[in-house]
Protein chains: 2
Amino acid sequence: MVRPVTAGTRGASIRDVARAAGVSISTVSRVVNGTAPVAPATRERVEAAIEALGYRPSAIARQLASRSSGTVGLLVPHLSDPACAMVAEGVEAAARARKLSVILCQTGSCGEAEHLVRLAELRVAGVVVVASEPDGEEPRDGCYRTLAGEVPLVLAGTGAGAVRVDEREAGYLAAGHLLELGHEKLAFLGGSAGSTVVRRRLEGIERALREAGMEYGSTLHLPGGSGFEDGRAAFGRLARREDRPTGLVCVSDLLAAGVLRAAAEMDLGVPEDLSVVGIDDVSLSRCFSPPLTTVARPLRELGRLAVEELVALMAGSEPGTCELKPELVVRGSTGPPDGREEG
Amino acid sequence: MVRPVTAGTRGASIRDVARAAGVSISTVSRVVNGTAPVAPATRERVEAAIEALGYRPSAIARQLASRSSGTVGLLVPHLSDPACAMVAEGVEAAARARKLSVILCQTGSCGEAEHLVRLAELRVAGVVVVASEPDGEEPRDGCYRTLAGEVPLVLAGTGAGAVRVDEREAGYLAAGHLLELGHEKLAFLGGSAGSTVVRRRLEGIERALREAGMEYGSTLHLPGGSGFEDGRAAFGRLARREDRPTGLVCVSDLLAAGVLRAAAEMDLGVPEDLSVVGIDDVSLSRCFSPPLTTVARPLRELGRLAVEELVALMAGSEPGTCELKPELVVRGSTGPPDGREEG
DNA sequence: CTGTTAGCGCGTTCAG
DNA sequence: CTGAACGCGCTAACAG
């Protein structure tokens, strides 16, 4: 068995290759990087030497000499949150396509400050910050303070981010769908009342209401978290009301799952007695019973675009903004309010 | 607005600090690293200079000079797979605790070879490879060939990995639970027939059968994938059989979700007509209807231990192995075969 | 087309 | 306790 070498016995360096090929190190550098033309014969000798010695250029030395690390930082709350994981997936894929390496940092269980310091020392070319969905608000002063003016940074996913989802549209789509089915009383469940994302979703809902000629300006909002238990709790509170809405828009799919469960526990049929629509379209929402109708947020794409924006920033562009359109995905958790179409 | 500097106007270097403090760079190095005693007075001057100049040591230069990058590579199939994401979460957390940075690489949609090359050039101190659950088999020759003898590498999650779950126990727990409830006909759904993980789970199931005094040696196994649709398909095939088993062990929670759906579509009640147990306990399995009984694999812990093993390897230890115990999590998808305890 | 010469920013001896 | 000097592995002008 080959013992892994920890250090010292490191592989061949550019100098070894140069010596073996009988050329100077610059020539080796040139054939490796294609920086300048090299005579076919010389190139072959060099390539042979590289092959023979198993030479692998040191990215570290490269970074030092060229003062540019081909790496970016990725700050994400928790990978265990499916929505975050999705964005991260998009970021990694896009970065790879751009030949950038990504350094993964989870900020959920620690101050992001320490990560930021490390990233700064690593001289990352840029940073993508994924906001904790759907709460994350405010331009993350912490980030800006530490890195602003040092490194391009793009905030993704939050209402204030450079790359975000059109949250008004998300609310509009969800409410529009419910209204079209005939629901007249709607409610929005979960999310912190003050957050930009929630505010925009409510605006979208009210626009739908207005367009449908319904009363508006006071959509019922039961604020709270965005998890499964928050959904159960929210529905518990809702169910007690005399004028229980029949069309529910949830701040996230996870919360919607909690609502589904609570409804089942109270023997309320979905969608016969109650229609529920989530927001996100995480991969498991089709696994719920009934499969969840939801407004899909293009999370992977969001990650991809965050990298594109970052690359633009690194190239010197002025900061821009882009807003992705969400899409309605109709599955089984929504139907007419009286269950008239029940099979 | 502060314009991000792309390069050139880089922050202060150790030399700038030395000059500002009126000392030599070695002294600065010493106060920064605590490498050797420094006179209190000098130290203060240096620290003041550091603060004043906003000096941030270059990890890159440090890595080059000390020939050791404090980074590890993390190879994971897809972050969108909740199980992988969970392992990744553990890896990042453990690495952070060890002051290691992790470079994220998704191998699902590309050859891992290119990632490995990049990681080798980056001179990572080690690599954690997360097997694609639950298929990933074989010691990943690709990895070994590229990195063996160059960098410590630990395989996590697969049957052959250095850090893995006791899959026999997983099968045993699932089957034991079903048997205890009174089921007599069991089946195992999904997973490739040849994989070590699946083989071990089947062994565990048969041990449970044996201990219960049942016939064994021929547990029905319907191989296939491990996704939601695979679950629907598998159950479709199963339902056609005259002697349909009433106790189903699924290769993954996702597949179990598919089984749940298929059963619902055929108007079979779970757990009255059919008991289903998954494996993994991804966070959303409690959101299914009924909530899924499952064998939890300590995935986050798996990631953590993979890093510990890696650190040991980096320190020169001989390769070791550790096997984590899974745990049964009883929820609502299992019950007596005749539904006698139905509420 | 090719070799020489400077650094990149820092750790690390080795003399004071 | 401190400073000078060398080198990590490579890129980037410059001269040929």
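Residue numbers start from 1 in every chain, and the chains themselves are labelled A, B, ... in the order their sequence lines are given, proteins ahead of strands.
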Inset, instruction - Identify the heavy atoms of B/Val28 and B/Ile14 that sit nearest to each other, and give their distance. - result: CG1-CG1, 3.5 Å

Legend entry - B/Gln106 versus A/Arg96, closest heavy-atom pair with distance: O-NH2, 3.7 Å

Inset, instruction - To the nearest 0.5 Å, tell me how far B/Thr71 OG1 sits from B/Gln63 CD. - result: 6.0 Å

Legend entry - Approximate separation, where rounding is to 0.5 Å, of A/Asn33 CG and A/Ser26 OG: 11.5 Å

Please report the distance, rounded to the nearest Å, between [atom1] in [X] and [atom2] in [N].
| X | N | atom1 | atom2 | value |
| --- | --- | --- | --- | --- |
| B/Ile60 | C/dC8 | CD1 | C1' | 10 Å |
| A/Arg19 | D/dG9 | CZ | C1' | 13 Å |
| B/Gln63 | C/dT12 | CD | P | 14 Å |
| A/Asp16 | D/dG9 | CG | P | 8 Å |

Inset, instruction - Determine, for nucleotides 10-16 of chain D in 5'-to-3' order, which nucleotides have protein heavy atoms under 4.0 Å from the base (write B), from only the sugar-phosphate (write S), or from neither (write -). - result: BBB----

Inset, instruction - Give the intermediate values and the outcome of side-chain contact (heavy atoms from CB on, under 4.5 Å) for residues B/Val32 and B/Val17. - result: CA-CA 11 Å; B/Val32 170; B/Val17 176; over 6 Å; no

Inset, instruction - Using five pairs at either end of the helix from C/dC1-D/dG16 to C/dG16-D/dC1, determine the angle between the two local helix axes and round it to 10 degrees. - result: 40°

Inset, instruction - Could you list all the salt bridge (Lys or Arg N to Asp or Glu O under 4.0 Å) pairs where at least one residue sits in residues 22-41 of chain B, not counting sequence neighbours? - result: none

Legend entry - B/Thr321: partners by side-chain hydrogen bond (donor to acceptor under 3.5 Å, both in side chains), with sequence neighbours left out: none

Show every donor-acceptor pair shorter than 3.5 Å between a side-chain atom in residues 34-51 of chain B and any protein atom, with sequence neighbours excluded, or say none if there are none.
from    : atom 1 : to      : atom 2 : distance (Å)
B/Thr42 : OG1    : B/Ala39 : O      : 3.3
B/Arg45 : NE     : B/Ala21 : O      : 3.1
B/Arg45 : NH2    : B/Ala21 : O      : 3.1

Legend entry - side-chain contact (heavy atoms from CB on, under 4.5 Å) evaluation trace for B/Cys105 with B/Glu112: CA-CA 8 Å; B/Cys105 306; B/Glu112 48 191 26; over 6 Å; no

Inset, instruction - Can you sort out which residues in residues 36-51 of chain B have a heavy atom within less than 4.0 Å of DNA chain D? Ascending by number, please. - result: B/Pro37, B/Val38, B/Ala39, B/Thr42

Inset, instruction - Using a 4.0 Å heavy-atom cut-off across all strands, classify A/Val28 as base, sugar-phosphate, or nothing. - result: nothing

